[in-house]
Structures are given as structure tokens and as C-alpha cells.
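Every value quoted in this text rests on a predicted model; they were computed, and no experiment measured them.
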Amino acid sequence: MTSRTPHIRVKAILNNSNNEILFIIVNKNDPFSMIKIPVGDVLYNESAESTAKRIIAESTPYEIEPIAILGIYSEYDAGGTNHFVTAVFICIVTEFNAKIRGINLDVNWLNSKNLSNANLYDDDVRILKDYRDWRIHKSTYWTSKII
């Protein structure tokens with residue numbers, strides 16, 4: 001039997017003063033475009049916190065600092081061939097660098113109250129629900145937590 005190792009990922013939730021959350025727009029010009037919370041794989045010898053900072057720096061003009069961990073989530077792809085373990089950090093923007101050019105990804109701040117019609121990645125639906133609860137209760141979440 002072959003041993004398989006899960007993919008370790010990090011997501012970073014950024015919320016601005018207008019109660020908007022930062023999303024990456026995937027396939028912007030496609031009629032089936034989707035939005036997702038910024039996500040990236042943890043590189044060898046990289047901390048989860050450093051991964052959060054890197055994925056935001058690579059796709060936005062922002063520098064961030066994680067301030068809390070929302071939770072740890074485990075998911076499998078539809079074919080059952082990949083297993084992902086994702087640490088989700090809640091972050092604050094510490095710096096805006098307006099001089100950054102050439103960022104390839106489309107990003108958008110969207111109001112968290114108006115996401116019901118948004119085409120979100122499946123795992124982000126649960127994470128955003130937990131984030132809304134976190135803003136009230138400051139609790140930590142995980143895949144099988146009974147609420």
C-alpha cells in the first residue's frame with residue numbers, strides 16, 4: 001500500500017474598515033469565474049505564518065500580520081486522490097505598497113454581508129461562516145467541530 005501525505009495549505013482572511021473581505025478572483029473573464037480566500041501551499045522549511053505573509057505579498061500590494069488562527073480544516077478532492085489540511089489565519093494589513101506593479105492575480109474587496117450570490121469555492125463557504133461566528137465569539141474552529 002502506498003503512503004500518501006496531505007498537502008498543507010494556509011489561507012489568510014483580511015478584513016478592512018468597511019467590513020469587506022479580500023478575495024482572489026479566479027478566471028476573471030470566464031462566465032464561471034469564482035472568488036476565493038487567498039491560499040497557498042506551505043513550502044519546505046517555512047512556517048504557516050510566513051506562508052500567510054508570502055501569499056498575500058505575492059498577489060497584493062499589502063503586507064500583513066496574522067493576529068489569530070480561525071481554525072484547521074481538512075478536505076478531500078472529489079476523486080479522493082488529494083487530501084488538504086488548511087490552517088486559516090485572520091490577519092491585519094500592516095503596510096500598503098502602492099509602488100508594487102505586475103501583480104498577476106485579480107483581487108477584490110467584497111462586503112461580507114453580500115456574499116450569498118458570490119461564486120465561492122466550496123471550502124470557503126464554511127470558513128466564512130466560521131469567520132462571522134469568530135467575530136462574535138472569538139472561538140477556534142475545525143472541520144468536525146460540532147457547533
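Annotation: side chain of Val42 is in contact with side chain of Val10 (closest heavy-atom distance under 4.5 Å). No side-chain heavy atom of His83 sits under 4.5 Å from any side-chain heavy atom of Thr5. For the pair Leu128 and Ile21, the minimum side-chain heavy-atom distance is below 4.5 Å. You'll find the side chain of Leu110 reaches within 4.5 Å of the side chain of Ile35, heavy atoms only. Side-chain atoms of Ile69 and Ile90, non-hydrogen and from C-beta on, never get closer than 4.5 Å to each other. Side chains of Ile37 and Ile127 form a contact here, defined as non-hydrogen atoms less than 4.5 Å apart. By the 4.5 Å heavy-atom criterion applied to side chains, Arg135 and Asn15 are counted as neighbours.
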Legend entry - Arg126 and Glu75: CA distance, side-chain angles, deciding distance, salt bridge (charged side-chain N to carboxylate O under 4.0 Å, His left out) verdict: CA-CA 11 Å; Arg126 166 75 189 269; Glu75 68 174 301; over 6 Å; no

Inset, instruction - Take Ile25 and Val107 through the test side-chain contact (heavy atoms from CB on, under 4.5 Å) and record every step on the way to the result. - result: CA-CA 6 Å; Ile25 304 169; Val107 297; over 6 Å; no

Inset, instruction - Show the numbers, then the answer: is there a side-chain contact (heavy atoms from CB on, under 4.5 Å) between Tyr73 and Val88? - result: CA-CA 8 Å; Tyr73 299 85; Val88 181; 3.7 Å; yes

Legend entry - Derivation of the side-chain hydrogen bond (donor to acceptor under 3.5 Å, both in side chains) call for Asp41 and His7: CA-CA 7 Å; Asp41 293 329; His7 300 278; 5.5 Å; no

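Glu65 meets the side-chain hydrogen bond (donor to acceptor under 3.5 Å, both in side chains) test with Lys53; sequence neighbours excluded. A search for side-chain hydrogen bond (donor to acceptor under 3.5 Å, both in side chains) contacts involving Trp109 returns Tyr62, not counting sequence neighbours. Qualifying side-chain hydrogen bond (donor to acceptor under 3.5 Å, both in side chains) partners for Ser17, counting only residues two or more places apart in sequence or in other chains: none.
We find that Lys138 and Asp133 are not joined by a salt bridge, their nearest charged nitrogen and carboxylate oxygen being 4.0 Å or further apart. A salt bridge is absent between Asp123 and Lys36: the closest approach of a Lys/Arg side-chain nitrogen to an acidic carboxylate oxygen does not fall below 4.0 angstrom.
Clustering ILVMFWY residues whenever any of their side-chain heavy atoms sit less than 4.5 angstrom apart, transitively, puts Leu70 in the very cluster that holds Ile92. Under the 4.5 Å side-chain heavy-atom criterion for ILVMFWY residues, a single connected hydrophobic cluster contains both Phe23 and Trp134. There is no path of hydrophobic side-chain contacts, each under 4.5 Å, that joins Val39 to Leu14. Ile8 is not connected to Ile55 by any chain of hydrophobic side-chain contacts under 4.5 Å among Ile, Leu, Val, Met, Phe, Trp and Tyr, and they are in different clusters. Under the 4.5 Å side-chain heavy-atom criterion for ILVMFWY residues, no single connected hydrophobic cluster contains both Ile72 and Ile13.
Here CZ of Phe89 is found 14.0 Å from NZ of Lys11. Values are rounded to the nearest 0.5 Å. Expressed to the nearest 0.5 Å, how far CZ of Arg54 lies from OG of Ser59 amounts to 10.0 Å. The structure places CG of Asp124 at 10.5 Å from CD1 of Ile24, a figure rounded to the nearest 0.5 Å. The structure places CG of Asn19 at 5.5 Å from CG of Asn111, a figure rounded to the nearest 0.5 Å. One finds the CD1 atom of Ile56 at 11.0 Å from the OG1 atom of Thr94 (value rounded to the nearest 0.5 Å). Atoms CD and SG, from Glu63 and Cys91 in turn, are 13.0 Å apart once rounded to the nearest 0.5 Å.
A donor-acceptor contact closer than 3.5 angstrom links the side chains of Glu46 and Thr51.
With hydrogens and angles disregarded, a donor-acceptor distance shorter than 3.5 Å links the side chain of Asn16 to the backbone of Asn18.
Of all heavy-atom pairs between Ala52 and Ile64, the closest is O-CD1, 3.6 Å. Taking each heavy atom of Ser74 and Val85 in turn, the nearest pair found is OG-CG2, 4.3 Å.
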